[in-house]
Colleague: 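Questions regarding the structure given below will be posed in turn.
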There are 2 protein chains.
Amino acid sequence: MLEDLQQHYGYLFEDELIQEINKVGVVKDIPEGAQLIEIGDYIKSMPLLVSGAIKILREDEEGDELILYFIEQGDTCAMTLSCCLGSAKSEIRAIAETDTKLIMIPVEKMEEWLAKYKSWQQFVLQSYHSRMTELLEAIDTIAFLKMDERLFKYLKDKAMVNHNDVIYVTHQQIARDLHTSRVVISRLLKTLEIEGKIQLQRNNIKVIDL
Amino acid sequence: MLEDLQQHYGYLFEDELIQEINKVGVVKDIPEGAQLIEIGDYIKSMPLLVSGAIKILREDEEGDELILYFIEQGDTCAMTLSCCLGSAKSEIRAIAETDTKLIMIPVEKMEEWLAKYKSWQQFVLQSYHSRMTELLEAIDTIAFLKMDERLFKYLKDKAMVNHNDVIYVTHQQIARDLHTSRVVISRLLKTLEIEGKIQLQRNNIKVIDL
DNA sequence: TTTTATCAGTAACATTAGTTACAGTTCTAT
DNA sequence: ATAGAACTGTAACTAATGTTACTGATAAAA
């Protein structure tokens with residue numbers, strides 16, 4: 001774990017803090033598709049993203065889903081939660097988009113470190129700020145883009161976080177993420193293919209115009 | 001200012017902090033309709049909301065607006081900004097919904113107090129969390145509700161923050177806030193009136209079904 | 001190999017939202 | 001008092017999105 005920490009967080013945290021994280025942190029390997037957080041969950045530990053990517057979803061009362069954004073390995077924002085502090089319930093669902101490696105940190109330590117380490121405080125505030133920005137971008141996407149634009153953005157984002165221009169996903173799954181119907185997605189995908197932006201195959205889509 | 005502070009923030013902050021705020025804070029009275037923050041502004045002071053209400057808007061490249069939420073006097077979340085710390089540009093526009101009284105605090109102090117006062121730290125984190133929740137609610141509204149539901153919610157929210165079931169606003173202004181056209185709003189308002197949920201007058205709307 | 005389930009394509013239609021155009025009303029300024 | 005501006009109502013139409021229904025293709029299971 002120590003190498004991971006030094007490699008991904010060494011430039012952010014002072015040595016002493018890295019040591020502390022090394023002491024109390026628990027490494028978790030999450031397979032693709034596994035659910036990390038469910039809506040309503042109480043969060044008792046905070047994940048630091050070491051590698052992989054996570055998909056963040058919102059859901060309404062009727063169970064309709066909507067993707068908010070992906071959290072990437074490279075992101076400074078490794079914080080999946082706004083709820084760690086204040087021990088509130090999770091408002092979102094988190095699913096591993098790829099195989100993912102996390103370091104879990106107990107909430108108590110989080111709060112302790114806020115007072116103790118300036119770099120930790122900076123990190124937490126910075127993470128909040130990033131998540132805020134991501135939420136605003138999600139709003140832009142939903143409010144200002146039409147479905148075909150949203151779809152193409154989704155495909156590009158997904159290709160990005162998977163480091164692969166071929167996306168293995170069904171039309172039905174896309175429809176769920178974008179909160180629309182399968183038929184609509186099939187229709188728009190076909191149009192994107194005719195425009196030369198993607199290539200369609202059963203169970204996968206190749207993004208051309210990245 | 002001291003009374004305002006003690007009344008609205010006394011239960012949150014220790015005396016010593018209240019005194020500090022009293023020393024460096026500047027009271028600002030903002031008339032209804034005045035713009036507090038523009039997109040792209042650098043924020044050099046953070047507002048504590050003492051009385052009134054503020055409307056938070058997002059805008060895309062083409063200048064299309066969209067309301068995100070109102071910030072109310074009663075809200076624990078008096079923080080209008082995610083950008084104070086880290087001196088980032090504002091991503092949103094803030095407009096006084098009613099006559100509003102603020103206490104402005106310089107950014108330098110904000111950061112200083114984070115280390116110094118536990119209660120301040122709690123307040124900042126709590127505020128981030130509230131704003132997060134508000135953004136998620138905004139997403140729910142845009143993503144999961146149809147325009148007629150969004151409109152009615154908007155009217156109810158507006159009546160709420162104005163402490164008045166009669167809203168003084170034109171159809172065109174509503175259309176701008178909800179990012180649609182005036183004709184659509186007029187049409188849906190008429191339907192709501194027929195359903196007995198509102199009463200329409202020139203330049204004002206009475207919300208019946210609060 | 002046959003059956004079954006999943007997936008994708010497409011047509012036809014319904015609903016919602018956005019646009020254009022115009023008329024009538026109310027307010028404001030001259 | 002009158003002209004002009006702002007506001008609202010409504011019709012007619014277009015565009016975007018959602019729904020239903022059915023098809024053939026492919027993959028997985030029996």
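Just so it is clear, the values below take in all heavy atoms, side chains as well, and ignore hydrogens, waters and symmetry mates. Per chain, numbering begins at 1; letters A, B, ... match sequence-line order. Values in this document were obtained by computation on a predicted structure and should not be read as measured data.
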Colleague: On the 0 to 90° scale, with breaks at 30° and 60°, tag the B:F13-B:W120 ring pair as parallel, tilted or perpendicular.
Modeller: tilted
Colleague: Shoot me the first and last contacting nucleotide of DNA chain D against chain A, ordered 5' to 3', at under 4.0 angstrom to non-hydrogen atoms.
Modeller: D:dA16 to D:dA27
Colleague: Is a salt bridge present between B:K190 and B:E193, judged by a nitrogen-to-oxygen distance below 4.0 Å?
Modeller: yes
Colleague: Between B:D209 and B:K156, is there a side-chain N and carboxylate O pair less than 4.0 Å apart?
Modeller: no
Colleague: Between B:N204 and A:R187, which has a closest nucleotide on DNA chain D that is more 5'?
Modeller: B:N204
Colleague: Classify the ring geometry between B:Y128 and A:Y128 as parallel (under 30°), tilted (30 to 60°) or perpendicular (over 60°).
Modeller: parallel
Colleague: Does A:R202 or A:R182 map to a spot on DNA chain C nearer the 5' end, using the closest nucleotide for each?
Modeller: A:R202
Colleague: Identify, between A:V183 and A:L145, the residue whose nearest nucleotide on DNA chain D lies closer to the 5' end.
Modeller: A:L145
Colleague: With each end axis built from five pairs of C1' atoms, what bend angle do you get for the helix from C:dT1-D:dA30 to C:dT30-D:dA1? Round to 10°.
Modeller: 30°
Colleague: Under a 4.0 Å N-O cut-off, is there an ion pair linking A:E65 with A:R176?
Modeller: no
Colleague: To check you understand the geometry: which heavy-atom pair defines the closest contact between B:V166 and B:N204, and what is its length?
Modeller: CG1-OD1, 3.7 Å
Colleague: Please classify the nucleic acid contact of A:S181 as base, sugar-phosphate, or nothing, using heavy-atom distances under 4.0 Å.
Modeller: base
Colleague: Parallel, tilted or perpendicular for A:F70 and A:Y154, by the 30°/60° rule?
Modeller: tilted
Colleague: I'd like to know if A:K89 and A:D41 make a salt bridge, using a cut-off of under 4.0 Å between side-chain N and carboxylate O.
Modeller: no
Colleague: Do we see a donor-acceptor contact under 3.5 Å between the side chains of B:E134 and B:S130?
Modeller: no
Colleague: Quick check for you: name the first and last nucleotides of DNA chain C, 5' to 3', having an atom under 4.0 Å from a heavy atom of chain B.
Modeller: C:dT16 to C:dC27
Colleague: Would B:K197 and B:F152 count as a cation-pi pair here, with the cationic atom under 6.0 angstrom from the ring centre and within 45° of the axis?
Modeller: yes
